[in-house]
Amino acid sequence: MSAPRIYCIPATRAPGAAVLARGPSDWVRLGRWDLEHDEYEHGAWLAGTVYPQRCDLSPDGRWFAYFALKPSSTWDAGSTYIAVSRLPWFTALVAWGTDGTWTSGVRFVDDRERWTLPEPA
């Protein structure tokens, strides 16, 4: 068994980061790292693939936007989707289906004219 792969996505205006730990196997775990107090909060597990390079953390560190592939999904968004949740959880507050894994993911931006996602699923 290989060691988990760990990815950190820092907030741009707060002393925190989202931490994705991939593994074992097809599981990924999300956590919150408070960099100011050096505290870590374990969060949710997801049985699927989350692509860290296509994810983002809101500037204040509260919201986590992620791109996931979950073949067993039965909801309207489908098996590949972009979702926004409260860090450190994967529970989607809003989600958009994609047409497979050919997407660049999602980023938080301040300029509303640059928002490109349609109405959520």
side-chain hydrogen bond (donor to acceptor under 3.5 Å, both in side chains) against D26, all qualifying residues, sequence neighbours excluded
none
Show the nearest heavy-atom pair for residues A95 and A77, with the distance to one decimal.
CB-CB, 4.2 Å
Output the distance between atom CD (E39) and atom CZ (R32), rounded to the nearest 0.5 Å.
11.0 Å
Would you say Y51 and T103 make side-chain contact, with heavy atoms under 4.5 Å?
no
Taking ILVMFWY side chains as joined if any heavy atoms are under 4.5 angstrom apart, and letting links pass through other members, which residues group with L20?
Y7, I9, V28, L30, L46, V50, L57, F64, Y66, W75, Y81, L87, F90
For the hydrophobic clusters of this structure (ILVMFWY residues joined by side-chain heavy atoms under 4.5 Å, transitively), does one cluster hold both V19 and W89?
no
How far does NZ of K70 sit from OG1 of T49, to the nearest 0.5 angstrom?
11.0 Å
Return the CZ to OG1 distance between F67 and T80, rounded to the nearest 0.5 Å.
5.5 Å
Any chance you could measure Y40, atom OH, to W33, atom CH2, to the nearest 0.5 Å?
10.0 Å
With hydrophobic residues grouped by side-chain heavy-atom distances under 4.5 Å, do W27 and I6 end up in a single group?
no
Under a plain distance cut-off of 3.5 Å, with no hydrogens placed, do S79 and S73 share a side-chain donor-acceptor pair?
no
Check this for me: R107, atom CZ, are more than 12 non-hydrogen atoms of other residues, nucleotides or ligands nearer than 6.0 Å?
yes
Does T91 form a side-chain hydrogen bond (donor to acceptor under 3.5 Å, both in side chains) with S85? I'd like the steps, not just the answer.
CA-CA 6 Å; T91 303; S85 66; over 6 Å; no
Here the side chain to side chain donor-acceptor pair (under 3.5 Å) pairs for residues 54-65, sequence neighbours left out, are S58-D60
